[in-house]
Structures are given as C-alpha cells and as structure tokens.
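If you're wondering where the values come from, they're calculated on a predicted model, not measured in any experiment. So that the names make sense, note that chain A is the first sequence line, chain B the second, and so on, each numbered from 1.
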Amino acid sequence: MTLFRLGYVSMSVQVENCSPSQTVTWKSFSNISDRDAAIGKVRSVAQSNIENCLRLLKHNNANGIKFFRMSSRIIPLATHEELADWDYKAELTPFFQELGGYARKKGMRVGFHPDHFVVLNTPKKEVLKQSIYNLVYHYNMLAAMGEEPVHKCVLHIGGSYGNKEESLERFIENWAKISPRIQNTVILENDDKTFNVEDVLYLSEKLEVPHVFDLHHHAANHNDSDWTKYWERIVDTWKHSPSPVKIHISSPKSEKQFRAHADYVDSEMFRQFMKEVSGTIPQVDCMIEAKQKDAALFKLVEDLKKDPDIKWHEGAVFETQ
DNA sequence: CGCTGTCAAGACGAA
DNA sequence: TTCGTCTTGACAGCG
C-alpha cells in the first residue's frame, strides 16, 4: 500500500492574475531615484507575491492538492548585495506567517527549487558565497513561514568544469564550508546532462542528503536505464528525513527536444512508475513538472481515475495496493 | 493593445 | 576570450 500525493510547480494556469513571481529588476530599481520609494516598490511586489502564493495554496486545497513548489522569486532582489541592508525578514514575516500557517493547517508539503545560479560545486569563491547567500534567503522564508527548514530546497550538483570526477569531489569540499543549518535545507536531484543517479547517490550516501529522483532526467542521462535497481538506495537516503520520498515527474517535449518539458505528462509513463513503486514505501510525493502546470496535474488525475485499482483520498492524493 | 527584446545571478560550447 | 544559448516568466518599451 502506497500513498501518492501529486504536486505542481510555482504557478497556476487556471487562477488568473495570480503570479507569485512578479518582479522588480535591478535596472528598474536603480532608475528610481528615491531609495525608500524603490524599496517600497520591492516590498509591495513581495507582499503581492506572498498573497498570490497563499491564493494558490487555497486553490490547491480546494482541489485536494497537498504538495507544492513555491516560487523562488517571491522577494525580488532579496539576494542582491545592494539591498543587503534591507531587513526583508522583519517586514515580511507577518505575511509569511499567514502563508505558512495555512499550509500547516491544511497539512501541505511545500518546498523550493532555487534557481540554477545556486551552484555548490563551483570552483569560484564568489559564486559559492552567492550560492550560500541564496540558500540563506530560502532558509529565511521557510523560517518566517514557521516551516521546519529541513530538506526543502532541491538543488543539482552543479557543473562539470571539464572534469566530472574532480567536480563531484569539489562538491564535498565546498559542502564542508556550509553551516549545518543551511546544509539541512538541501536535497539533491540528478540532472539531465552531467550528474546522474549514481553520482547523486554517491554524494547523498556520503553526506546524508536525501536524493530527489527525477525520472525524466534519468531517461536523458544514465549509466543504466533501469532505475528500479537504484530505487532501494534512493529510498534509503530519506530514512532520516522528516518528509516522505520526493520524486520529479515530467515528459520530454519531443524526440528532438528531449530534455525540454512537455505541456503535459504521459500518464502511461506515470502508471508504469506507479506500478514499480507501489508497495515499496508507505508514501511518495510526486512533483509534476509540466508547461501546463496545475492543468497537467488535473489531466493526469483524470486519466488515473480510469484505473479501478486506485483508491482516491482527495483530488490529488490516492492510494495503490 | 500586442509583440519583441531585456532582465541579478552560471555554465558551456562555438567562434 | 568573448559571445550566444540554455531556460523562463515578467515586464518595459515600442509600433
């Protein structure tokens, strides 16, 4: 018996005018001569983003969706050094509290996937510094929400820099320079070009970091295409986590653009995955990464409803034998 | 009003 | 070494 929860990424294609990623660019910030007014602009955009994120959570709850990836762009310019003196935490905490309070009350799992500028295996000191600063920003948002800031930020291992083995080892060296509280926010995903499941498992097991397995990336980048032989080890990386195993699901856009995300996910592919996983663990949370966002999730649910073996709990939560 | 180019941030490969 | 591309949603600017 396995409980599946489906989630989706950041924004809805159904709820209108509800972007949680409105922004103020550095360029437009700089064009405002009154700095207080400029900060005010950033503050109001951030508040609006948090409000819209809350509206999305309410939309999710109404549809039985208990799993969600929040936008990393909630606070524009939060990690820009020119705004380092702005205490966004103090000013925005009440808004984040409401957001986190709602998620908690409804039993929702929320998390982040920081942008690709966060590269922990970089050889450049400055890039590592900025990356850690970016993770601190994510930590601060989680803390302000009252969320336990553990295993909530999905990252890739990083670049290969011409030598994959060295770059894998550099991750470990750099990891040692990061405080435990920030280390604890991180979970690691296999990518579609360089670091495959075996590489992530190597780090995950060594550093005790849960591995977020991405099925689509695995199809694009693997040593052995049969992922099931890694499954037990993947599950094992979650044994000390407060959260259930997390998986990424998406389908290739086309044969030619294999690595790009399709509008929807292939429900046959999902069904295959579901069959393999059923019975191996009590619960798995599946992040649907598709261009059509929540609409793709709803379409998958429609398809899965035809399956008589599935027992439905809520809109996007179900149980298999 | 709608289309196009630009936007904090990194990595990579082509020229 | 420099530049375009990747990828992506928002937005400013332009016609």
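- At B:dC12, one or more side-chain N or O atoms of A:Ser160 fall inside 4.0 Å of OP1 or OP2 (strictly under the cut-off).
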Below 3.5 Å between N/O atoms, which protein atoms pair up with nucleotides 5-10 of chain C? Just atom names and distances, please.
from	atom 1	to	atom 2	distance (Å)
C:dA10	OP1	A:Ser19	OG	2.5

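- Rounding to the nearest 0.5 Å gives a distance of 4.5 Å between CZ of A:Phe67 and NZ of A:Lys246.
- In this structure, A:Trp26 does not count as stacked on the base of B:dA8 under the 5.5 Å centre distance and 30° plane angle limits.
- Rounded to a whole angstrom, the distance from the P atom of C:dT7 to that of B:dG2 is 29 Å.
- Residues A:Val317 and A:Phe68 do not share a hydrophobic cluster, defined by chaining ILVMFWY side chains whose heavy atoms lie under 4.5 Å apart.
- As a whole-Å value, the separation of A:Lys124 NZ from B:dA9 C1' is 12 Å.
- Closest approach to the A:Thr79 side chain among C:dA12, B:dA11, B:dA9 is made by B:dA9 (side chain taken as heavy atoms from C-beta onward).
- Atom P of C:dC3 sits at a distance of 15 Å from the matching atom of B:dT6, rounded to the whole Å.
- Rounded to an integer number of Å, the gap from A:Gln130 CD to B:dA11 P is 12 Å.
- Between B:dG5 and C:dG4, the two P atoms lie 14 Å apart (nearest whole Å).
- Shown are A:Glu198, A:His211, A:His218; of these, the side-chain hydrogen bond (donor to acceptor under 3.5 Å, both in side chains) with A:Tyr230 is made only by A:Glu198.
- Distances from the side chain of A:Tyr161 to the nucleotides B:dC12, B:dA8, C:dA12 place B:dC12 closest.
- By the side chain to side chain contact (heavy atoms under 4.5 Å, CB included) test, A:Glu98 pairs with A:Leu54, sequence neighbours left out.
- The separation between A:Asn31 atom CG and B:dC7 atom P is 11 Å, rounded to whole Å.
- Remark: the separation of the P atoms in C:dG13 and B:dA8 is 12 Å, to the nearest Å.
- Between A:Trp231 and A:Phe273, the ring-plane angle classifies as perpendicular under the 30° and 60° cut-offs.
- The NZ-P distance, from A:Lys41 to C:dC11, rounds to 8 Å in whole Å.
- Secondary-structure annotation of DNA chain C gives the stems B:1-7 with C:9-15, B:10-15 with C:1-6, with a stem taken as at least 3 successive Watson-Crick or G-U pairs whose two distances both fall under 3.5 Å.
- Taking the six-membered ring where tryptophan is involved, the planes of A:Phe4 and A:Phe318 are essentially parallel, since the angle between them stays under 30° and well short of 60°.
- At whole-Å resolution of the value, NZ in A:Lys193 and P in B:dC12 are 8 Å apart.
- No engagement by A:Ser28 is indicated, since no non-hydrogen atom pair under 4.0 Å with the nucleic acid exists.
- The aromatic ring centres of A:His151 and A:His240 sit 6.0 Å or more apart.
- Across the protein-nucleic acid pair, A:His80 atom NE2 and B:dC7 atom P stand 13 Å apart, rounded to whole Å.
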